[in-house]
There are 4 protein chains.
Amino acid sequence: MTTSRATSTRYQQQHQRAIAAAASVFAKKGFHGATTQDIANEMGIQQGSLYYYFDSKEAALEEVCLFALRDYLSRMEVLATQPGSITNKLGKAIQSHLASYRTHHEAMKVHNEQRLYLADTRREQLKTLGSRYRELLEQLFSAGVKDGSLNPQLDCRFSARSLIGLCNYWGVMLLRDTRLDIEDIGARCLELTLQGSLPPRIEQHL
Amino acid sequence: MTTSRATSTRYQQQHQRAIAAAASVFAKKGFHGATTQDIANEMGIQQGSLYYYFDSKEAALEEVCLFALRDYLSRMEVLATQPGSITNKLGKAIQSHLASYRTHHEAMKVHNEQRLYLADTRREQLKTLGSRYRELLEQLFSAGVKDGSLNPQLDCRFSARSLIGLCNYWGVMLLRDTRLDIEDIGARCLELTLQGSLPPRIEQHL
Amino acid sequence: MTTSRATSTRYQQQHQRAIAAAASVFAKKGFHGATTQDIANEMGIQQGSLYYYFDSKEAALEEVCLFALRDYLSRMEVLATQPGSITNKLGKAIQSHLASYRTHHEAMKVHNEQRLYLADTRREQLKTLGSRYRELLEQLFSAGVKDGSLNPQLDCRFSARSLIGLCNYWGVMLLRDTRLDIEDIGARCLELTLQGSLPPRIEQHL
Amino acid sequence: MTTSRATSTRYQQQHQRAIAAAASVFAKKGFHGATTQDIANEMGIQQGSLYYYFDSKEAALEEVCLFALRDYLSRMEVLATQPGSITNKLGKAIQSHLASYRTHHEAMKVHNEQRLYLADTRREQLKTLGSRYRELLEQLFSAGVKDGSLNPQLDCRFSARSLIGLCNYWGVMLLRDTRLDIEDIGARCLELTLQGSLPPRIEQHL
DNA sequence: AATGAATGAGCATTCATTCAT
DNA sequence: TATGAATGAATGCTCATTCAT
């Protein structure tokens, strides 16, 4: 067992705590509105000590965004390869998307709202991961079109992006109002996505 | 005609330019990331002169948000009272919502993303206007349910909010990518909202 | 008469005071040992106000060095074109060099001891001016060799540089010990440079 | 043989390496511009470990200066008591002075340029050693005057200090430009000191 | 003999705001 | 109406130093 900084258990634990603290503070105050003092307070350490875990405030933002996006994407990758009907998979994707807002300390919100404040060089990896997510979701719609369970006229790119916009909207609402029920919101989002608002079809595909 | 500050034509013109400049800068850099110097540069005046038009940076944010919301709401009020089918009105509401992103110097984006940085006292009016907008939209859905043109099971509150989330998502995309066509995006948003993604019904209600 | 920042009398006066204050502080504490607070105190303004006159601490160092070198060089340029014997001109060059330590608020000392802490891009102009000074001095020696008043074997480049080293050494001593007499030191430097330390020649060339 | 800290061979070796590392770093960046991290990096140890060898950063500077000055002085002491002509001894003193710049890891440069940043209490010993060096050199000139090999009018104090200034100037040049030849520079310094720049005497004393 | 973690004071720089003119 | 000058508080970041292990 090595005890170098990168692999030290103590270091890794504190590093994770630092990311969580930064996520929480950035979510509340925004990147520019938050201070490194805020983050240090949230962690219970001195301001200067924060720099043992982050190279800079901007690096902290990058780490928060990556943390959110990696987990979010990995669940989607798993989901995409599993068996099941398209509508079923879409429902699970929505649930997973919404759940990440509740379980990841606001990191998702930070990613969505603050990532544009990162310098271009820091955003490259995020862009790659984000594109991959959109692609996977788009493929889900495409598969549904191909197997006849979705409308053949569907613009899958538009649909995938709209679903992301919808989930992000409700994800933020979930953070703001903890009384909202994730499963309920998720079910409604799925229904809207599939059925729209018109009166029901005679023959139901759900 | 008096020439006092409030009613001077020159003053009012410059004041409008100041709001537009602030909107543009806040949209690009966020409230905390923007400086009064940035806004002054955008207007072509000195930093100190800005205080002739705004009491403070936060007051500038408030004015930008109010500017966006008032216009946005007023168009909705007009729309609500006019004759026409529900689906038709929904289409016009979507178009109006998206259009405000293109015609109002990013003020809508600022409202959506930065209004939370305002002190509570400054947000009250915004909350009122915002609630009113949501209500009007919700009433549109309710009316559709009542007259049979929408699904009787519809949760109108959820639908109205989802539509707002959807339009805000695409509104930001419209700002970011000027090649996107507003009318096209609007039409697709309406279709998604009404039809969802399932294969078309035998008897079409559009 | 314009009143733009660069040409405003008030601005220029304060700017000059800022350079003098920075020179004094850098001379005493070194570039890295000095704080912007020290400089502001020396000027009697607030620390933040200093940035109205300097872009950065490093820019202040650059200005101090340029200030010293420009004046120092300009006197040498004048001297070089004036009539008189070489030995006479050398004496005047020495006096001028030493005098700049007493009349320029330690800026010369700062140039000699701190200029290496400037980033390369900031040093270019200084290098040009410094080279020019060395050249002029070297030409003085060369002229002396040519007209027979100096030793034909002389390495003029070495001599010029040695004289600079000598004058800088005594210049710093003049700053440190105000009882030392500039003219006396200058005369001795000239004598050493011309005569060395051996017993006098039978036939004197002075 | 005890193995206590002070006499442990391992400790002494590392201590010497620490002094050399500090000398190198201080020479490059100046005392205030250098960090203890820089010194630790140069040695290949951790920052905290440095405090096993130095009580403080300032103590490190003191040790570097003492290291330089002791060696430099001891060679002069030896030289002073050895037989030979004055001019011969002067030549050796110059060589020794210049050589210390090349062989002692820039410690001499640090002594000359950074010792003023030491607190007064830490500088006392340095002052004593420095004065002793100047004295020895002055005595060399005095002896030359007495035995008739140097100019009877010579101000020996001025000459000794000037020679130190000259050697320090060229010493730094030797560090900066490794292509310069020590013996060549030394010979020219001696010649300048003895002969000056006038045409040669009829009867040469070298 | 050496290290990793943490500290806390200090520093350069930024910036919203004020105000005399 | 507008500006130039100044302020002073805040902030990101650095760094010498300490100490348990």
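Per chain, numbering begins at 1; letters A, B, ... match sequence-line order.
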Name the closest nucleotide to the [X] side chain, picking from [options].
X: D:Y51; options: F:dC13, E:dA1, F:dA16; value: F:dA16
X: B:S49; options: F:dA2, F:dG12, F:dT7; value: F:dA2
X: A:S56; options: E:dA2, E:dA5, F:dC13; value: F:dC13

Remember a base hit wins even if backbone is also touched, and classify [X] as base, sugar-phosphate or nothing at under 4.0 Å, heavy atoms.
X: B:A34; answer: sugar-phosphate
X: C:T35; answer: sugar-phosphate
X: A:L50; answer: nothing

Is it true that a side-chain atom of B:R115 and a backbone atom of B:L126 form a donor plus acceptor pair closer than 3.5 Å?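 Such a contact is absent between B:R115 side chain and B:L126 backbone.
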Indicate yes or no for a side-chain donor-acceptor contact from B:K57 to the backbone of B:A34 under 3.5 Å, with no hydrogens or angles considered.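 Yes.
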Given atom [atom1] of [X] and atom [atom2] of [N], what is their separation to the nearest angstrom?
X: B:Q12; N: F:dT1; atom1: CD; atom2: C1'; answer: 15 Å
X: D:H15; N: E:dA2; atom1: NE2; atom2: C1'; answer: 16 Å
X: D:Q37; N: E:dT7; atom1: CD; atom2: C1'; answer: 16 Å
X: C:K29; N: E:dA12; atom1: NZ; atom2: P; answer: 11 Å
X: C:Y52; N: E:dT13; atom1: OH; atom2: P; answer: 18 Å
X: B:Q46; N: E:dC19; atom1: CD; atom2: P; answer: 19 Å
X: C:I39; N: E:dC11; atom1: CD1; atom2: P; answer: 12 Å
X: A:N41; N: E:dT7; atom1: CG; atom2: P; answer: 12 Å

Given A:Q16, A:E62, A:H111, A:M108, the one that forms side chain to side chain contact (heavy atoms under 4.5 Å, CB included) with A:F67: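 When A:Q16, A:E62, A:H111, A:M108 are each tested with A:F67, the side chain to side chain contact (heavy atoms under 4.5 Å, CB included) holds only for A:Q16.
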Exercise: identify the closest heavy-atom pair between A:M43 and A:L50: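 So the two residues come closest at SD-CD1, 3.9 Å.
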Intra- and interstrand pairs of DNA chain E - dot-bracket, Watson-Crick/G-U under 3.5 Å, | marks other strand: .||||||||||||||||||||
Below 4.0 Å: OP1/OP2 of F:dA2 and any side-chain N or O of B:R10: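 For F:dA2, OP1/OP2 do have a side-chain N/O of B:R10 under 4.0 Å.
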Report yes if at least one side-chain N or O of B:T36 is closer than 4.0 Å to OP1 or OP2 of E:dC15; otherwise report no.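 Looking at the OP1 and OP2 atoms of E:dC15, neither is under 4.0 Å from any side-chain N or O of B:T36.
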Return yes if a side-chain donor-acceptor contact under 3.5 Å exists between A:R17 and A:Q14, otherwise no.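 A donor-acceptor contact under 3.5 Å links the two side chains.
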Under a 3.5 Å threshold, yes or no: a donor from one side chain and an acceptor from the other, between D:H15 and D:E63?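 Side-chain D/A pair, D:H15 to D:E63: present.
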Please evaluate the base of F:dC13 for a donor-acceptor partner in the side chain of A:Q47 within a cut-off of under 3.5 Å?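 By the distance-only test, yes, there is a pair.
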Under the side chain to side chain donor-acceptor pair (under 3.5 Å) test against C:D38, which residue among C:N41, C:T35, C:T36 passes?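 Only one option passes, and that is C:T35.
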Below 4.5 Å, heavy atoms only, C-beta onward: do A:F31 and B:H32 meet side chain to side chain?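 No, every pair of side-chain atoms sits at 4.5 Å or beyond.
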Contact nearer the 5' end of DNA chain F, comparing A:K57 with C:Q14: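 It is C:Q14, whose closest nucleotide lies nearer the 5' terminus.
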Most 5' of A:D55 and C:G44 on DNA chain F, judged by nearest nucleotide: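 Final value for this comparison: C:G44.
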